[in-house]
Trainee: 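Have a look at this one before I ask anything.
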2 protein chains.
Amino acid sequence: MKNGHAHRLLVSSAFGQHALPPNSKLSSIRSRRTPRPSSFPLPALRHLPTLQASKTLHPTTPVVTADHAAGFASTDRFHVMDFHHVEFWCADAASAAGRFSFALGVPLAAHSDLTTGNTAHASHLLRSRSGPLAFLFTAPYAAQHGGADDDDTASSSSVLPSFSADAARRFAADHGLAVRAVAVCVSDAAEAFRASVAAGARPAFAPAELGHGFVFAEVELYGDVVLRFVSYPDDTDDVAFLPGFANVASSEDQSECPPDYGLSRFDHIVGGVPDLDPAAAYIAGFTGFHEFDRVNAKEVGTLNGLVLANSSEKVLLTLLEPVHGTKRRRSQIQTFLDHHGGPGVQHLAMISDDLIGTLREIRARSSMGGFELLPPPPPSYYDGVRRLAGDVLSEAQIRECQELGVRVDRAADNNGGVVLQTFTKAAGDRPTLLLELMQRIGCVEIDDNGKEYQRSGCGGFAKDNVIHLVKSIEDYDKTLDAPTTRVA
Amino acid sequence: MKNGHAHRLLVSSAFGQHALPPNSKLSSIRSRRTPRPSSFPLPALRHLPTLQASKTLHPTTPVVTADHAAGFASTDRFHVMDFHHVEFWCADAASAAGRFSFALGVPLAAHSDLTTGNTAHASHLLRSRSGPLAFLFTAPYAAQHGGADDDDTASSSSVLPSFSADAARRFAADHGLAVRAVAVCVSDAAEAFRASVAAGARPAFAPAELGHGFVFAEVELYGDVVLRFVSYPDDTDDVAFLPGFANVASSEDQSECPPDYGLSRFDHIVGGVPDLDPAAAYIAGFTGFHEFDRVNAKEVGTLNGLVLANSSEKVLLTLLEPVHGTKRRRSQIQTFLDHHGGPGVQHLAMISDDLIGTLREIRARSSMGGFELLPPPPPSYYDGVRRLAGDVLSEAQIRECQELGVRVDRAADNNGGVVLQTFTKAAGDRPTLLLELMQRIGCVEIDDNGKEYQRSGCGGFAKDNVIHLVKSIEDYDKTLDAPTTRVA
């Protein structure tokens, strides 16, 4: 177990130098951290740093009308700051929350359930100590004991006003382990809802006040997934996550403080959809998000992809569609759609500032019921990594990447940074939801106050990584079609 | 992490002496292990040891007609050897299996899923290396991809012939984290089914051959729970659990072998029912099991209980009913029935031969998403333990029991042995399923071959423990009715 992970010294690894001297005793790869408020929830309406990036986007971005080439003038229809949380709808939230907590090293932080007077549902929040990463797991109570939609007492005790016990039961039965809501912090959830719906969003839940100044609303995103808007005032330190949640009692014994493996935030959240263009037009239409990057089947073989970003590029929403028949491989996105039962969240990408250290912790739990990592690519792959990023990663670090199966890519633009990435195998029973673990290195810039920060999305979409990872996932999926000889 | 737990030296702790010298460096409490076949599955039709117990049962046992007072002449209607496994029906089996594996230290051992050609359901087996303890977790795949009852291809690929995707979805939605099947090893599953149904059992699934000589059948037990009969020939080493399952690939690196915290077998499995007498008459009627012990509301306050046992007393099936109005406490069994949604498995009791060591491992995972133990009773309780069992437990061991909240009881019959017990808080979201962790000390006897073994059920029902534990669980349940002041 490793405690206090977040408090260890962070070593600068500005782009263009070795991240660390090759002989450094501290051989892990660490990126300079983006300055981040130390308290959570994030204060509303905080000032976004003035961005000084020179990255040139595609000259035409078909899903937005504004021209982004000249310094990211915001086309956002409402002010979005960051991801706030993702919520899973489960049949038993304790099981999924417990597994994610120990397997990913994200501590149980708050809960809303019978002990807090909530007779409608049990909700468990995991929250990183390394950053704002937050997972919420929710399951309905028994129908005869309050977890029914026709029970006014129970419904009124729910602290998530959009919660529906019947819908949650159907969702868990239809999709297995799956994300119901992608929540973003906005400056005004009621205004975000109004602007979204005015621009074509299908409403899912009209704005509701949760108390303490928190406002909550939802619009449809894709399939059974909603985009949830959450806003709140600056001074909310007395609220555990959302009103109605209680902090998990912390042990006085610091040695019992649950470990944090260093995952700090969502980098991007990816939807699998049958048709990219209408899904992208719908989301770009009501959010105003701009096109951050694209991949197509000529590059990747079995999918087309598009990344939409808010103006600060802290919220990246990726969409992937399957492409059939271009190669003799089944599209991983088609496998997702078949087993998930339609569109949904296909993977969650999370950032660590010490990916190697984080992956070692995750791998140590794989055989105990944790998540398994994809197998490494062939050794020859890392000869390419030496040529591509030998000026950023030491030989020792490249060997660690090889040991843990980390893919390494570098943006074509020399200021674009280096991206380290790998995936887990399917997180639940079905070949649907994957978890991506990644680190972005480089792109350190200076804000108006003279402080260094890492530009969001540094290194971009990392197309070569995507090609390698898609191939690896599809190779793994092939094993799902062929019974092994081990079976008696 | 503790590896190779099962291989550590077991120290004799025959009843009537200190289990260990008080100054022993190895201060954990270890009971003499019951001799047990080293291979699993257990061979069918193995000879039961001739029992030499002198324990006197209740002179009248209302639910069976045979007289057991003279040496346990078997009244069993079919030959039952032991528990085989329990199966949970889930919405996502990987989440529940993963959590149980790391939280209880029972390794993932086998699976049947898409990778083995099973398109109907994903099943994960946890199996102890310390004994035959086995948990099976099963969830249906997506309806549109085979996990539907009207899909002949998918149904035929199920390796559990009674599996129904629709029923499993309803079960998980109705009950949350809950046991669907209590499986026992019998000498002939078809004969057990025939004899049970002839004696009044409601059939659930008629006998089916699984291949390799395995036979499988089910009758209703209580609520939505079935009693599953499994039989198989002696030579089944090439079968992983049941035909159609594959062993989990074991790492060549022994250091990655998942830890086993020492839980070795189910001691007893407990059903919560609204009315004890008809449930007991039904089960005793078709099994022929005899009455092992009873408690009533005059002793415990809020429940009546009955333990039924097979002739060897390795399979103990307990039934508990709520009793209202005798005290100003809500019956824990009524809480179970309300939140579970009717009758079901209320707790699973598991044996460790080193309970203190096992509890330390379990407690170390509590804050990481594992299971929490009930809080300890007041210190004065352990003054009573010193008087009761100071000749069996050293002062150091009693202090360890106090630290971990272990309750200690001793059968009134001096040959009856000492029972150490505690419970987890609710295993899932709802105040329903509990896990009991226990150790039985004493009752060492000699079999026909001159080998020592521990008599099954040594120490009996441990009524004083039950009284203390029921009180503790009900005190905890009270917190579920009162919102805490921590909630904003």
Side-chain angles (χ1 to χ4, degrees), chain A residues 90-103 108 113-117 122 139 141-145 169 172-177 211-212 238-240 243-247 251 256-259 338-341 365 367-370 427-431 479-480 483-484 486-488, chain B residues 90-103 108 113-117 122 139 141-145 169 172-177 211-212 238-240 243-247 251 256-259 338-341 365 367-370 427-431 479-480 483-484 486-488:
Chain A
C90 308
D92 183 60
S95 295
R99 184 174 185 230
F100 270 69
S101 183
F102 97 93
L108 284 156
D113 51 25
L114 291 174
T115 66
T116 64
Y141 283 120
Q144 49 272 69
H145 200 81
R169 285 191 195 97
D174 288 350
H175 304 305
L177 180 71
H212 295 258
D238 55 337
V239 176
F245 278 74
N247 285 315
S251 173
E256 289 184 22
C257 187
D338 290 349
H339 285 274
H340 178 79
R365 275 80 179 176
S367 68
M368 301 164 59
D429 292 327
R430 307 185 191 185
T479 67
L480 308 182
T484 69
R486 287 171 303 166
V487 181
Chain B
C90 308
D92 184 60
S95 295
R99 183 174 184 230
F100 270 69
S101 183
F102 97 92
L108 284 156
D113 51 24
L114 291 174
T115 66
T116 64
Y141 283 120
Q144 49 272 69
H145 200 82
R169 285 192 195 97
D174 288 349
H175 303 305
L177 180 71
H212 295 257
D238 55 337
V239 176
F245 279 75
N247 285 315
S251 172
E256 289 185 23
C257 186
D338 291 349
H339 285 273
H340 178 80
R365 274 80 179 177
S367 68
M368 301 164 58
D429 292 327
R430 306 185 191 185
T479 67
L480 308 182
T484 69
R486 287 170 304 166
V487 181

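By convention in this document, chain letters (A, B, ...) are assigned in the order of the sequence lines, proteins followed by strands, and residues within each chain are numbered from 1.
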Trainee: Do you know which of A:Ala122, A:Ala93, A:Gly211, A:Ala427 has the most heavy-atom pairs under 4.5 Å to chain B?
Mentor: A:Ala93
Trainee: What heavy-atom pair brings B:Gly428 and A:Ala94 nearest, and what distance separates the two atoms?
Mentor: C-CB, 3.8 Å
Trainee: Measure across A:Arg99 and B:Ser95 and return the closest heavy-atom pair with its distance rounded to 0.1 Å.
Mentor: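 Shortest heavy-atom contact: CD-CA, 3.7 Å.
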Trainee: Could you tell me which non-hydrogen atom of B:Met368 sits nearest to which non-hydrogen atom of A:Pro259, and how far apart they are?
Mentor: CG-CD, 3.7 Å
Trainee: Check B:Pro258 against A:Ser367 and note the closest heavy-atom contact, atom names and distance.
Mentor: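 Smallest heavy-atom distance, with atoms named: CB-O, 3.4 Å.
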Trainee: Please step through side-chain contact (heavy atoms from CB on, under 4.5 Å) for the pair B:Leu114 and A:Arg430, ending with a clear verdict.
Mentor: CA-CA 8 Å; B:Leu114 291 174; A:Arg430 307 185 191 185; over 6 Å; no
Trainee: With sequence neighbours left out, what residues match A:Phe102 under ring pair (Phe, Tyr, Trp, His ring centres under 6.0 Å)?
Mentor: B:Phe102
Trainee: Would you name the heavy atoms of B:Ala172 and A:Ala91 that are closest together and state the gap between them?
Mentor: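 So the two residues come closest at O-CB, 3.9 Å.
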Trainee: So, A:Asp92 side chain and B:Asp429 main chain: donor-acceptor pair closer than 3.5 Å or not?
Mentor: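 Yes, A:Asp92 side chain to B:Asp429 backbone: donor-acceptor pair under 3.5 Å.
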Trainee: How would you list, by chain and number, every residue that makes a side-chain contact (heavy atoms from CB on, under 4.5 Å) with A:Ala97, sequence neighbours excluded?
Mentor: A:Leu108, A:His124, A:Leu126, A:Phe137
